Amino acid sequence: MTWLLQLYPARWRERYGEEFGAVLASQRASVGLVLDVLGGAIDAHLYPQIQNSNSKPIKEKEEDTMTLLMLQRCSAGGPKLSPRDQRIASLFMVFSALVMAGLYIGLTKIYHSAPAVQALFYVSVPALALIYGETAYLRKRPWLTQVFILGGGLSGLYLFMLAVCVIGSRL
Amino acid sequence: MIRKSKDDAELDDFGRFSEPALLILVSLAEEPRHGYSMTEDIETIAGVRLGPGTLYGALARLEARGLIEPLKSEDRRNPYRLTTLGERALRARLDSMMVVARTGQRRLASA
């Protein structure tokens with residue numbers, strides 16, 4: 001179960017990792033425990049409480065709007081993306097588009113218009129938008145977080161579109 | 001509307017961690033404790049077992065706001081204790097809860 005600790009930010013693990021591991025090891029493994037730890041990991045990424053010793057704890061500024069706060073919290077580098085960040089995200093998106101196009105052509109040749117292939121076609125546009133956003137805003141997060149959020153988002157989108165295509169093919 | 005004191009407002013922005021944070025403060029009011037000991041104590045006094053994700057989410061917030069502080073330990077289980085600020089915040093929160101509880105009981109008795 002202690003592998004779940006890897007989901008927490010590195011600085012958080014440095015500070016609380018050992019004692020957290022001791023408490024985690026003392027509890028019986030269950031779905032509830034895993035969900036609790038996952039929730040804690042997401043919270044630790046979104047609301048990091050550990051600051052440099054010379055800085056003050058994070059506190060919301062009253063004048064910030066909800067949208068700005070969300071952007072600041074979701075993006076490791078803050079909402080200000082440099083032209084370089086945008087170029088990297090764009091290149092990654094174009095590369096992903098080419099991979100998806102190749103995959104679609106290859107699968108169509110083998111499986112023709114099977115729902116799984118159709119779903120890939122329909123999911124490509126929102127998937128590319130998601131890939132761009134994730135690449136731009138999560139680039140400084142730990143790789144495990146990036147894989148978790150990007151993989152989860154893409155899987156969710158694809159499964160949703162697959163369900164739609166399967167239902168549509170049976171009507 | 002009950003007017004909150006400044007000390008009582010210390011726990012206000014804890015969101016879903018405000019109840020666990022209060023339970024942690026109550027647990028530490030008796031003596032310094034480490035994480036495992038806190039979960040055991042909280043289960044005894046409140047009947048809920050805090051998961052490690054919830055426990056350390058609340059602990060990190062309490063520590064960041066200076067309501068609790070870690071004590072030196074050679075063991076990997078770091079004990080924590082209440083700070084003066086934490087003690088004041090706990091007193092203020094318990095006082096305001098007491099006012100609500102007394103009012104509720106009085107109204108139920110006269111109903």
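Bear in mind the structure is a predicted one, so any value in this text is a computation, not a measurement. Each chain gets a letter, A, B and so on, in the order the sequences are listed, and its residues count up from 1.
Residues A/Val34 and A/Phe20 share a single hydrophobic cluster, defined by chaining ILVMFWY side chains whose heavy atoms lie under 4.5 Å apart. With hydrophobic clusters built from ILVMFWY side chains whose heavy atoms lie under 4.5 angstrom apart, A/Leu159 does not share a cluster with A/Tyr111. Residues A/Val164 and A/Val117 do not share a hydrophobic cluster, clusters being chains of Ile/Leu/Val/Met/Phe/Trp/Tyr side chains in contact below 4.5 Å. In terms of hydrophobic clustering, with Ile, Leu, Val, Met, Phe, Trp and Tyr side chains grouped at heavy-atom distances under 4.5 Å, B/Tyr80 and B/Ile45 are assigned to a common cluster. Under a hydrophobic clustering in which Ile, Leu, Val, Met, Phe, Trp and Tyr are joined whenever their side-chain heavy atoms come within less than 4.5 Å, directly or via other members, A/Phe95 and A/Ile131 fall into different clusters.
Of all the heavy atoms in B/Pro52 and A/Asp36, the pair that sits closest is N-OD2, 3.2 Å.
Using a 4.5 Å cut-off between heavy atoms, A/Ala22 contacts chain B through both its backbone and its side chain. Both the backbone and the side chain of A/Leu24 come within contact range of chain B, each with at least one heavy atom under 4.5 Å from a heavy atom of that chain. The contact between B/Thr39 and chain A is made entirely by side chain atoms (from C-beta outward), counting heavy-atom distances below 4.5 Å.
Across B/Gly66, B/Pro70, B/Gly51, the residue that shares the most heavy-atom pairs under 4.5 angstrom with chain A is B/Gly51. Highest contact tally toward chain A, considering only B/Gly35, B/Ala60, B/Gly57, is held by B/Ala60 [criterion: heavy-atom pairs under 4.5 Å].
Put simply, CG on B/Asn78 and CZ on A/Arg15 are 6.0 Å apart, with the number rounded to the nearest 0.5 Å. Taken to the nearest 0.5 Å, the CH2 atom of A/Trp12 stands 7.5 Å off from the OH atom of B/Tyr56.
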Practice task
Test side chain to side chain donor-acceptor pair (under 3.5 Å) on B/Tyr36 and A/Gln27 and set out the steps.
Solution key: CA-CA 9 Å; B/Tyr36 177 72; A/Gln27 302 214 359; over 6 Å; no
Practice task
Evaluate the side chain to side chain contact (heavy atoms under 4.5 Å, CB included) criterion for residues B/Arg61 and A/Asp43: first the C-alpha distance (whole Å), next the side-chain angles of each, then the deciding distance (0.1 Å), finally the verdict.
Solution key: CA-CA 11 Å; B/Arg61 282 168 169 77; A/Asp43 172 72; 2.7 Å; yes
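Other residues, nucleotides and ligands contribute only 12 or fewer heavy atoms inside 6.0 Å of the CZ atom of B/Arg91. Within 6.0 Å of CZ on A/Phe92 lie no more than 12 heavy atoms contributed by other residues, nucleotides or ligands.
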